[in-house]
Participant: 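So that we are looking at the same thing, I have put the structure below in structure tokens.
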Amino acid sequence: MNTNRLLANLNPEQREAVTLPTGPALVLAGAGSGKTRVLVHRIAWRIETEDTPPQSVLAVTFTNKAAREMRARVLTLVGPRAQSMWLGTFHSMAYRILSRHAREAGLRPDFTILDEDDQRRLIRQLIRERQWDEREFPPALAQWYINQKKDAGMRASQVPDGVGREDRALRDLYQGYEMKLRSLGAADFAELLFCCHDLWQKQPALLESYQARFREILVDEFQDTNTLQYLWFRTLTGTSGNPFVVGDDDQAIYGWRGGRVEHVLRFPKDFEGTRVIRLEQNYRSSGAILSAANALIAHNPSRLGKTLWTASETGERPVYFTADDELEEADYIVTRIQQALSGGQPAGTIAILYRSNAQSRVIEESLVRHEIAYRIYGGVRFFERSEIKDTLAYLRLMTDPENDSAFERVFNVPTRGLGDRTFERVREHARQEGRSLAASALAIAQPKAVSADRSARALRGFLELLADMREAIRPLNLAGQVERVIALSRLAEFYQTDDPLRAETRIESLAELVNAAAGYEPDPEMESTPAEFSGLMAFLGQMALATEPESRPGKSDEIQLMSLHAAKGLEFHTVFITGLEEGLLPHSRATETAGGLEEERRLFYVGITRAERQLYLTRARRRRLHGHYIDTLPSRFLLEIPADQLESGEPRIVTRTARSRVQHRFPNTDPGLPVTIGQRVRHPRFGEGVVLSHEGSGDHCRIHVRFEGSGAKWLLWDQAHLETLES
DNA sequence: AACACCTGTGTTTTT
DNA sequence: CACAGGTGTT
């Protein structure tokens, strides 16, 4: 076997890490030092040279996206037999394990995973049951409290006695929440790890079987692991596994979500004989960009200490530009982008980064005015959209008719004459009998002698609908089932009447869900129970842990817009970091907490180190915030980069008159298109708007329009009946 | 149950 | 300012 191939393009440190003998290993990998490459090659190396069976490999990443990418790269190196390794997020790994032992872990066999929304709804319910004042105990705060404890690996019983009344109340609520979850047999995200961990503690033999199986355990982005994840990982690794973790303390940016950099320091203490390897050569950025990054991060007192160097040329200094306001800032950025694009630079190599998503709006508007295509990451996530959750709830009721949260969700969606009173009746019955909502509904709906009870009839209608649906989809394939459930539930019609402004976008999402089902490939490792709807069950399980449908290829001809957090792990030729102002970066809320400032600095550091060749730092003297303008101060972080390492951007590149001029030109870029980017259009219902972008061409193309008042929507040209307007 | 009004909120994000 | 979510009215 040609193993040299695996080492050919690695530097000595990378090679050392990849070829380390068994035993715990910690790789401190600076930004752009080939972290993922080391991880991927390590896996390949173990499989190819040590004859490690792929199924004894478990690799954990921070996001699904990173997992997909890593899997693809390992497969390229090792071939299809690597398919059998376990590679995914902490949560998806725990879910895989739990779904084989659900009952033993105290969960329903086909348990639901509650997302943030479901969780908040449950907590609100508990607060109301206790008749607490929701202003004194905001559900969001309680939720934050509970998740924080869970992320720290604490059950309610382990939370130390608080001093105040409020502390005790919150702890009590946490306890109530735990009981509620257990009675539902459901799990929230943290619970997946927690439950799995508890199960291992309860059943040492089971733990041993997993320890025996997973000989190689690798963790990416180790600096962002929270305590619960760390405990889970440490338990699974035990004393015999070979942990291989990769991280960068300078890129720890999830402290607010429980991430603890300290785990990096703790690792060598918990795992005796840990070999530490540092990767300090940066292959990504030019010398000038790297110097700025190094100068900035040197201001963080608590660091493991690591200085990145590069063999690349110095390149151009980062440019710093101060605009009068956020409009000018946006126009400056767009002007620079136009210059780059006209010089032949592909749009996909340019990124605009910001601290908070709200900042994107002004920039988007400027991009639209200048007819530049862009793609924005973040915002409302696919699986959090209400239409998706409604549909998933119906689907869940197909596989698990007694699922209370799904039942509650679609009880009166679409409206079918079932109001709060009926629901309370059902819930009360369920509480008394200890049955599920569906079973109680059935009992209540029984026709009593001569019953003209309207709600009982409506209830029967609902139950019959579910039963009919179950029959109707039985013989269909997965995509067909999803499609049929959407049709039979009449959700589309409901959205149309409920909120016509959003109906079109919502129906588009539903179509995308059907697509996701059509493209779904079952996890071969998952227990394939012969139960009916087992395919649907597996699909729902996977969807609960997903954020985006998989079929969304990024286009290379669009400018990339995203938050600094979302940019982690990515790289771009040209990067704009915007809003370098006190209060924004560092964020005002972050300066209050201990360590918050350091985390903000790391966030800026992450942003800087995304840039390969060109970096722009921009700021506005005054910025509109919550309605009115406030004067700003430059970010303190700017002063931490020596002035001679920055270039001053040309002021006033764009004038207001230039802005209004561009607004009136509409060159037709694509002759196949019925409209042009930037053109004004009128929709029979939504009114007037501006065309932002398009997909496809001809009469069947989809176009993206920002309407005045009702926001941006995707429309099908041949169905939307748009009227084009002269500007 | 549907609609109009009101009020609070407004970081980052994954799962 | 802009929007979501909740409350109150019909």
Side-chain angles (χ1 to χ4, degrees), chain A residues 60-67 88-95 113-121 124 128 134-135 138-141 144 147 150-151 187-194 221 224-226 228-229 253-259 353-359 361-362 377-381 383-384 386 412-423 454-455 458 497-499 502 541-548 562-569 579 583-593 596 599-600 602-604 606-607 623-629 709-711:
Chain A
V60 186
T61 59
F62 197 60
T63 64
N64 287 312
K65 190 174 159 224
T89 60
F90 274 107
H91 295 87
S92 66
M93 300 293 97
Y95 174 67
I113 300 169
L114 305 181
D115 68 9
E116 302 257 294
D117 254 28
D118 305 326
Q119 197 188 25
R120 192 161 338 108
R121 209 170 303 129
R124 175 172 293 126
R128 286 183 181 164
E134 278 185 53
R135 273 165 311 184
L141 186 96
W144 181 81
N147 285 333
K150 286 194 159 195
D151 285 344
D188 58 34
F189 290 125
E191 198 59 37
L192 293 171
L193 293 162
F194 225 142
E221 307 281 14
D224 286 320
T225 50
N226 65 38
L228 180 59
Q229 290 166 334
I253 54 175
Y254 285 95
W256 51 275
R257 234 185 50 200
L353 312 181
Y354 33 78
R355 174 66 235 257
S356 63
N357 282 318
Q359 285 170 256
R361 190 164 187 147
V362 182
Y377 295 81
V380 192
R381 318 200 83 73
F383 288 99
E384 280 164 20
S386 56
N412 196 31
V413 180
T415 41
R416 49 174 68 89
L418 291 171
D420 293 345
R421 272 197 48 201
T422 318
F423 185 76
R454 218 201 262 154
S455 57
T497 48
D498 177 63
D499 188 351
R502 273 183 226 174
Q542 186 152 324
M543 291 307 106
L545 293 172
T547 45
E548 290 285 307
M562 69 194 83
S563 71
L564 286 162
H565 283 91
K568 188 159 85 157
L584 211 48
L585 185 67
H587 195 274
S588 51
R589 304 273 285 256
T591 49
E592 295 158 13
T593 53
E599 183 155 311
E600 294 291 303
R602 290 192 292 265
L603 194 51
F604 186 23
V606 166
R623 182 178 295 274
R624 220 164 126 131
L625 204 67
H626 312 328
H628 36 215
Y629 273 101
S710 45

Participant: For the base of B/dT14 and the side-chain ring of A/F62, does the geometry meet a stacking cutoff of under 5.5 Å between centres and under 30° between planes?
Facilitator: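 According to the criterion (under 5.5 Å, under 30°), no, A/F62 does not stack.
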
Participant: What integer distance in Å separates A/F90:CZ from B/dT13:P?
Facilitator: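 From A/F90 CZ to B/dT13 P: 21 Å.
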
Participant: Under 4.0 Å: is that the gap between some side-chain N or O of A/N147 and OP1 or OP2 of B/dT15?
Facilitator: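 False: A/N147 side-chain N/O out of range (4.0 Å or more) of B/dT15 OP1/OP2.
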
Participant: Side chain of A/R361 only, heavy atoms from C-beta on: which candidate in B/dT13, B/dT15, C/dA2 is closest?
Facilitator: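 Shortest atom-to-atom distance from the side chain points to C/dA2.
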
Participant: Under the 3.5 Å rule, do the base of B/dT14 and the side chain of A/R257 count as making a donor-acceptor pair?
Facilitator: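 Yes, a donor-acceptor pair under 3.5 Å.
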
Participant: Would A/L584 and A/Q359 count as a side chain to side chain contact (heavy atoms under 4.5 Å, CB included) here? Give the steps.
Facilitator: CA-CA 10 Å; A/L584 211 48; A/Q359 285 170 256; 3.7 Å; yes

Participant: Would a 4.5 Å heavy-atom cut-off, applied to side chains only, mark A/T225 and A/F90 as touching?
Facilitator: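 Side chain of A/T225 against side chain of A/F90, heavy atoms only: contact under 4.5 Å found.
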
Participant: Just by modelled atom types, is the A/G255 backbone N or O under 3.5 Å from a matching donor or acceptor in the A/E599 side chain?
Facilitator: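 Here the side-chain-to-backbone pair exists.
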
Participant: Between atom OH in A/Y254 and atom P in B/dT12, what is the gap in whole Å?
Facilitator: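 Value for this atom pair: 11 Å.
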
Participant: Is there side-chain contact between A/L564 and A/F604, with at least one heavy-atom pair below 4.5 Å?
Facilitator: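 They are not in side-chain contact.
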
Participant: Starting at the 5' end of DNA chain B and moving along, which residue's nearest nucleotide shows up first, A/E599 or A/A190?
Facilitator: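 Result: A/E599.
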
Participant: For the side chain of A/T89, counting heavy atoms from C-beta on, which of B/dT11, B/dT13, B/dT15 is nearest?
Facilitator: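 The listed nucleotide nearest to A/T89's side chain is B/dT15.
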
Participant: From the list B/dT15, C/dC1, B/dA2, which nucleotide is the closest neighbour of the side chain of A/T415?
Facilitator: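 Shortest atom-to-atom distance from the side chain points to B/dA2.
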
Participant: For C/dG6 and B/dT11, measure between their C1' atoms and round to the nearest Å.
Facilitator: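 It comes out at 24 Å once rounded to the nearest Å.
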
Participant: Send over the distance from A/E191 CD to B/dT14 C1', rounded to a whole Å.
Facilitator: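 To the nearest whole Å, that distance equals 17 Å.
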
Participant: Nearest nucleotide by nearest heavy atom, which residue falls closer to the 5' end of DNA chain B, A/L545 or A/I253?
Facilitator: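 Result: A/I253.
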
Participant: Would you say whether A/H587 stacks on B/dT11? The test is a distance between ring centres of less than 5.5 Å and an angle between planes of less than 30°.
Facilitator: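 According to the criterion (under 5.5 Å, under 30°), yes, A/H587 stacks.
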
Participant: If you check the A/N64 side chain, which of B/dT15, B/dT13, B/dT11 turns out closest?
Facilitator: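 Ranking B/dT15, B/dT13, B/dT11 by closest atom to the A/N64 side chain puts B/dT15 first.
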
Participant: Which listed nucleotide (B/dA1, B/dT12, B/dT15) is nearest to the side chain of A/R355?
Facilitator: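 Looking only at side-chain atoms, A/R355 lies closest to B/dT12.
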
Participant: Just the rounded figure in Å: distance from C1' of B/dT14 to CD1 of A/I113.
Facilitator: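 After rounding, the reported distance stands at 13 Å.
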
Participant: With a 3.5 Å cut-off and heavy atoms only, can you find an N or O donor on one side and an acceptor on the other between the side chain of A/R589 and the base of B/dT11?
Facilitator: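 Answer no: no donor N or O sits under 3.5 Å from an acceptor.
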
Participant: Roughly how many Å is it from CD in A/Q542 to P in B/dT15, rounded to a whole number?
Facilitator: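 These atoms are roughly 12 Å apart.
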
Participant: With both distances kept under 3.5 Å, what pairs with B/dC5, Watson-Crick or G-U wobble?
Facilitator: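 Result: C/dG6.
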
Participant: Within the structure provided, determine whether A/N147 and A/E116 are in side-chain contact (heavy-atom separation under 4.5 Å).
Facilitator: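 In contact.
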
Participant: Would you mind reading off the distance between A/R124 atom CZ and C/dG5 atom P, rounded to a whole angstrom?
Facilitator: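 So the two atoms are 9 Å apart, to the nearest Å.
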
Participant: Would you mind reading off the distance between A/L114 atom CG and B/dT15 atom P, rounded to a whole angstrom?
Facilitator: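 Atom CG in A/L114 sits about 17 Å away from atom P in B/dT15.
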
Participant: With a non-hydrogen cut-off below 4.0 angstrom, is A/N412 in contact with a base, only sugar-phosphate, or nothing?
Facilitator: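 Sugar-phosphate contact only.
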
Participant: Using the ring of each side chain (for Trp, its six-membered ring), is A/F62 parallel, tilted or perpendicular to A/Y254, with breaks at 30° and 60°?
Facilitator: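 Judged by the thresholds at 30° and 60°, the geometry between A/F62 and A/Y254 is tilted.
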
Participant: Tell me which nucleotide, if any, is Watson-Crick or G-U wobble paired with B/dT11 when both distances must be under 3.5 Å.
Facilitator: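 The base-pairing partner of B/dT11, which may sit in any strand shown, does not exist here.
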
Participant: Rounded to whole angstrom, note down the C1' distance from C/dC3 over to B/dT14.
Facilitator: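 Each nucleotide's C1' atom is 24 Å from the other's.
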
Participant: May I have the distance from A/F189 (atom CZ) to B/dT13 (atom P), rounded to whole angstrom?
Facilitator: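 After rounding, the reported distance stands at 16 Å.
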
Participant: Give the nucleotide from the list B/dT14, C/dC1, B/dT13 with an atom nearest to the side chain of A/E116.
Facilitator: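 My answer, after comparing the listed nucleotides, is B/dT14.
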
